[in-house]
Amino acid sequence: MMEIEELKNKLQGITLVYLKGAATVFVALVFILATNAIVGRVEKRAHARKAALKAFYAQKEEYVKESAEVAPLEKKLLMPPSGVSPVTIIGEIGRSIGIKSNISSFKPFEDKALKGYVKNGVEVKVEGITLNQLVNFVYGIEDYKNLLIIKDFSMKSRFDNPDIYDVTAQVVLVSRHE
């Protein structure tokens with residue numbers, strides 16, 4: 001009987017070893033699966049954050065590009081007002097490029113004030129100018145020390161001479177409201 005008891009104890013010991021081994025394998029398997037799931041979630045978050053970072057840098061580049069384009073205009077906008085009307089400014093530009101006599105009419109208008117800025121404008125008609133004179137006129141408006149904006153522009157060539165143009169433009173002087 002002793003042998004049976006001894007055999008029984010041996011079998012219980014072997015079974016216990018196998019059960020402990022199986023439990024260890026099971027715990028290791030659960031740990032691996034849980035770790036794998038956590039790693040998967042972390043990788044998804046990392047990919048999402050990388051995509052957000054990429055979008056942020058794209059927006060940053062766009063902002064830098066736009067601010068570089070806007071900086072000269074902002075500098076002109078922050079210049080102290082010249083105290084002259086847009087009619088005087090356009091007349092001065094016309095005189096400087098030699099088309100003062102071609103300016104046939106001025107029609108002043110004022111846009112509403114917006115966020116501390118006033119927009120004074122003039123509709124100007126220029127008749128009988130060449131394309132080169134027109135380019136110089138537009139350049140003179142763009143290059144003026146204060147912020148001038150061409151709001152509306154139309155150009156028609158003449159029937160008798162297609163190299164001569166009649167131009168109508170609305171030019172707006174933007175300045176700070178004081």
Side-chain angles (χ1 to χ4, degrees), residues 1-84 86 89-90 93 109-124 131-132 134-155 167-178:
M1 277 248 203
M2 193 65 168
E3 288 180 14
I4 293 180
E5 198 63 38
E6 225 175 86
L7 187 61
K8 183 178 170 185
N9 285 339
K10 243 185 187 182
L11 284 175
Q12 281 179 348
I14 291 173
T15 305
L16 193 57
V17 168
Y18 283 132
L19 283 175
K20 285 181 181 178
T24 304
V25 168
F26 178 73
V27 168
L29 186 62
V30 167
F31 177 76
I32 290 171
L33 290 175
T35 304
N36 196 19
I38 291 170
V39 167
R41 284 194 306 256
V42 169
E43 283 179 345
K44 280 183 184 178
R45 278 194 223 137
H47 286 298
R49 295 227 171 119
K50 282 181 183 178
L53 190 60
K54 187 176 180 182
F56 170 76
Y57 280 121
Q59 284 182 334
K60 177 188 166 212
E61 290 298 319
E62 184 178 329
Y63 173 77
V64 167
K65 181 181 174 187
E66 286 178 2
S67 68
E69 292 171 358
V70 170
L73 298 176
E74 189 174 25
K75 181 180 173 188
K76 285 182 174 187
L77 187 60
L78 296 177
M79 291 279 297
S82 60
V84 295
I89 294 170
I90 297 300
I93 292 170
F109 64 90
E110 185 172 326
D111 278 352
K112 61 182 178 179
L114 183 66
K115 295 184 181 181
Y117 296 98
V118 176
K119 299 186 282 184
N120 293 318
V122 63
E123 181 177 280
V124 60
L131 191 56
N132 186 42
L134 176 59
V135 168
N136 289 334
F137 182 64
V138 171
Y139 178 77
I141 292 170
E142 181 181 312
D143 195 46
Y144 192 73
K145 66 181 179 179
N146 292 103
L147 183 59
L148 289 173
I149 299 172
I150 298 176
K151 186 175 177 180
D152 191 25
F153 182 87
S154 69
M155 175 174 86
V167 175
T168 303
Q170 286 185 351
V171 181
V172 179
L173 171 64
V174 181
S175 58
R176 288 182 296 189
H177 190 294
E178 295 180 11

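Below, all heavy atoms of this structure are taken into account, side chains as well, without hydrogens, waters or symmetry copies. Worth saying up front: this structure is predicted, and the values here are computed from it rather than measured.
Here the side chains of Asn120 and Pro86 are in contact, with some heavy-atom distance below 4.5 Å.
Atom CG of Leu29 sits about 12.5 Å away from atom OG1 of Thr24, to the nearest 0.5 Å. Between atom NZ of residue Lys54 and atom NE2 of residue His47 there is a gap of 12.5 Å, rounded to the nearest 0.5 Å. The structure places CD1 of Ile90 at 4.0 Å from CD1 of Ile141, a figure rounded to the nearest 0.5 Å. Put simply, CG on Leu147 and CD on Glu142 are 10.5 Å apart, with the number rounded to the nearest 0.5 Å.
More than 12 heavy atoms of other residues, nucleotides or ligands shown are found within 6.0 angstrom of CZ on Phe153.
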- Query: For Ile38 and Arg41, what are the C-alpha separation, side-chain angles and deciding distance, and is it a side chain to side chain contact (heavy atoms under 4.5 Å, CB included)?
  - Reply: CA-CA 5 Å; Ile38 291 170; Arg41 284 194 306 256; 3.4 Å; yes
- Query: Checking side chain to side chain contact (heavy atoms under 4.5 Å, CB included) for the pair Leu173/Val122: CA distance, chi angles, key distance, verdict?
  - Reply: CA-CA 9 Å; Leu173 171 64; Val122 63; over 6 Å; no
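In plain terms, the two heavy atoms of Thr35 and Phe31 that are nearest each other are OG1-O, 2.7 Å.
The side chain to side chain contact (heavy atoms under 4.5 Å, CB included) test with Val138 is passed by exactly one of Ile93, Asp143, Ile150: Ile150.
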